[in-house]
Amino acid sequence: MSLVVARNELRRIFLTPLAWVLLAAVLGVLGYFFLLSLGAFLTLMPKIAGMADAPGVTDLVVLPLLRATASLLLIVAPLLGMRAIAADRQSGSLTLLLAAGVGDARIVIGKFLGLLAFAVVFIVLAAAMALSPDISTSLDLGRIAAAVLGLILFAAALIAIAVGCSSMTQSAPLAASVALVVNLLLWMLDAGARYEGVSSTFINYLALPTHLEPFLHGIVSSIDVMYFLLIVVVALALATRRVAALRTRS
C-alpha cells in the first residue's frame with residue numbers, strides 16, 4: 001500500500017507546475033554554476049599543469065557542483081514536501097485515506113518515497129551534468145559515486161523533515177517555512193558554534209555538513225549513513241504519530 005501511495009504522490013508532483021518550475025530553475029542555476037567552474041578551471045589549468053599533486057576536474061569542477069546541489073536541496077526539499085500531508089488535510093483527501101483503512105505509517109512512508117523519487121531524479125540529472133567532462137578527461141568515478149550516495153541520503157533526511165513539518169499543519173507555506181528553518185539550523189549549527197568559539201563534539205555531530213563532507217571526499221562511513229537514517233526515522237515517526245492523532249480525532 002505504501003508503494004501505491006508513493007506512486008500517486010509522484011504522479012501528483014509531476015502534474016503540478018511547481019515541480020517542473022523548480023526542476024528547471026535549479027538545473028538552470030546548476031548549469032550556469034557548472035559553466036563558470038569549468039571556465040575557471042580552463043583558465044587555471046596552465047598554472048597548475050606543472051604541479052605534482054595538482055587538483056583536477058573532479059576537485060575543481062565536479063565536486064563544487066555537487067556541493068551546490070546540496071545547497072539547493074535545502075530549499076527544494078521544503079517546497080516539495082510542504083504539500084505532502086498539509087494539502088491532503090486541507091482538501092479532505094487524507095480523511096478518505098484514513099477511512100479506507102490505510103495504515104498511518106504506510107501513508108507517511110508512501111508520501112516520503114514519492115517525494116524521494118523526485119529528489120533522486122533531480123540528483124541524477126545533476127550528476128549527469130557533473131559527469132559530462134568524462135567524455136574528454138578522466139574523472140574519479142568512485143569519489144563521485146560516493147558523493148551521489150551522500151546526496152541521496154542528504155535529500156532523504158531533508159524530505160523526511162519536510163514531511164514531518166507538513167503533518168503538523170494544514171498550511172503548506174507554513175510547513176515549508178518551518179522545514180526550511182530546521183534545515184538551515186542543522187546546516188549552520190556547527191558554523192555558528194565555531195564562530196562563537198564553542199568546541200563541542202555533540203554540536204559538530206548534529207550539523208549536516210559534518211556528515212555530508214566525507215561523502216564528497218569519497219569516504220562512506222557507517223556513522224554518517226546512520227546519522228541521515230536516524231533523521232529519517234525520527235521525522236517519519238513524528239509524522240506517523242501526528243497522522244495517528246488525526247485519525248483518532250476524525
For this session: Taking Ser37 for its side chain and Phe33 for its backbone only, find out whether a donor-acceptor pair lies under 3.5 Å.
Result: yes
Exercise. Atom CG of Leu63 and atom CD of Glu213: how far apart are they, to the nearest 0.5 Å?
Worked result: 9.0 Å
Exercise. Rounded to the nearest 0.5 Å, how far does CG of Leu158 lie from CG of Leu115?
Worked result: 12.0 Å
Exercise. Which pair of heavy atoms, one from Ala156 and one from Phe112, lies closest together, and at what distance?
Worked result: O-CE1, 3.3 Å
Seminar exercise, completed: Value for CG (Leu125) from CG (Leu30), rounded to nearest 0.5 Å, stands at 10.0 Å
Problem set entry | Test item: Phe122 and Leu80 side chains (from C-beta on) under 4.5 Å apart, heavy atoms | no
Exercise. For the ring pair His211 and Tyr205, is the centre-to-centre distance below 6.0 Å?
Worked result: yes
Exercise. Would a hydrophobic clustering, with Ile, Leu, Val, Met, Phe, Trp and Tyr connected at side-chain separations under 4.5 Å, put Met168 with Val232?
Worked result: no
Exercise. Is Phe215 close to Leu151 at the side-chain level, that is, under 4.5 Å between some pair of heavy atoms?
Worked result: no
For this session: Find out whether Leu36 and Tyr32 are in side-chain contact, i.e. whether some heavy atom of one side chain is under 4.5 Å from a heavy atom of the other.
Result: yes
Exercise. Taking the side chain from Ser166 and the backbone from Ile85, do they hold a donor-acceptor pair closer than 3.5 Å?
Worked result: yes
Problem set entry | Sub-4.5 Å side-chain heavy-atom contact between Arg11 and Asn8 | yes
Exercise. Under 3.5 Å, is there a donor-acceptor pair between the side chain of Thr240 and the main chain of Ala105?
Worked result: no
Exercise. Looking only at heavy atoms, what is the nearest atom pair of Gly164 and Ala239, with distance?
Worked result: CA-CB, 3.9 Å
Exercise. If only atom types and distance count, is the side chain of Ser71 paired as donor or acceptor with the main-chain N or O of Arg67 below 3.5 Å?
Worked result: yes
For this session: Any chance you could measure Leu116, atom CG, to Leu10, atom CG, to the nearest 0.5 Å?
Result: 10.5 Å
For this session: Measure across Pro64 and Thr58 and return the closest heavy-atom pair with its distance rounded to 0.1 Å.
Result: CD-O, 4.3 Å
Exercise. So which heavy atom on Ala162 is nearest to which on Ala77, and how close?
Worked result: CB-O, 3.6 Å
Problem set entry | Shared hydrophobic cluster, Val233 / Ile159 (ILVMFWY, side-chain heavy atoms < 4.5 Å) | no
For this session: Report whether Leu238 and Val243 are members of the same hydrophobic cluster (ILVMFWY, side-chain heavy atoms less than 4.5 Å apart, transitive linking).
Result: no
Problem set entry | Donor-acceptor contact below 3.5 Å, side chain Thr69 vs main chain Leu65 | yes
For this session: Would you kindly confirm whether Leu153 and Trp187 end up in one hydrophobic cluster when ILVMFWY residues are joined by side chain heavy atoms under 4.5 Å apart?
Result: yes
Seminar exercise, completed: Separation between CD1 (Ile223) and CG (Leu230), nearest 0.5 Å, reads 13.0 Å
Exercise. Looking at Leu180, Val178, Asn183, which hits side chain to side chain contact (heavy atoms under 4.5 Å, CB included) with Ile161?
Worked result: Asn183
Exercise. At what distance, to the nearest 0.5 angstrom, does CD1 of Ile144 lie from CG of Leu216?
Worked result: 11.0 Å
For this session: For the residue pair Tyr227 and Thr210, establish whether any side-chain heavy-atom pair is separated by less than 4.5 Å.
Result: no
Ignoring hydrogens and angles, write down the donor-acceptor pairs under 3.5 Å from the side chains of residues 12-26, residues two or more places apart or on other chains.
| from | atom 1 | to | atom 2 | distance (Å) |
| --- | --- | --- | --- | --- |
| Arg12 | NH1 | Asp88 | OD1 | 2.7 |
| Arg12 | NH2 | Glu9 | OE1 | 3.1 |
| Arg12 | NH2 | Glu9 | OE2 | 3.1 |
| Arg12 | NH2 | Arg83 | O | 3.3 |
| Thr16 | OG1 | Ile13 | O | 2.6 |
| Trp20 | NE1 | Phe14 | O | 2.6 |

For this session: Would you indicate whether the side-chain heavy atoms of Phe34 and Pro133 approach each other to under 4.5 Å?
Result: yes
Exercise. Any idea which heavy atoms bring Ala126 and Leu27 closest together, and the distance?
Worked result: N-CD2, 4.4 Å
Problem set entry | Minimum-distance pair of heavy atoms, taken over all atoms of Ala160 and Ala235 | O-CB, 3.3 Å
Exercise. Side-chain heavy atoms under 4.5 angstrom apart, residues restricted to Ile, Leu, Val, Met, Phe, Trp, Tyr: same cluster for Leu208 and Val234?
Worked result: no
Problem set entry | Audit row: Leu141, Leu131, side-chain contact (heavy atoms from CB on, under 4.5 Å) steps and yes/no | CA-CA 9 Å; Leu141 298 180; Leu131 288 170; 3.8 Å; yes
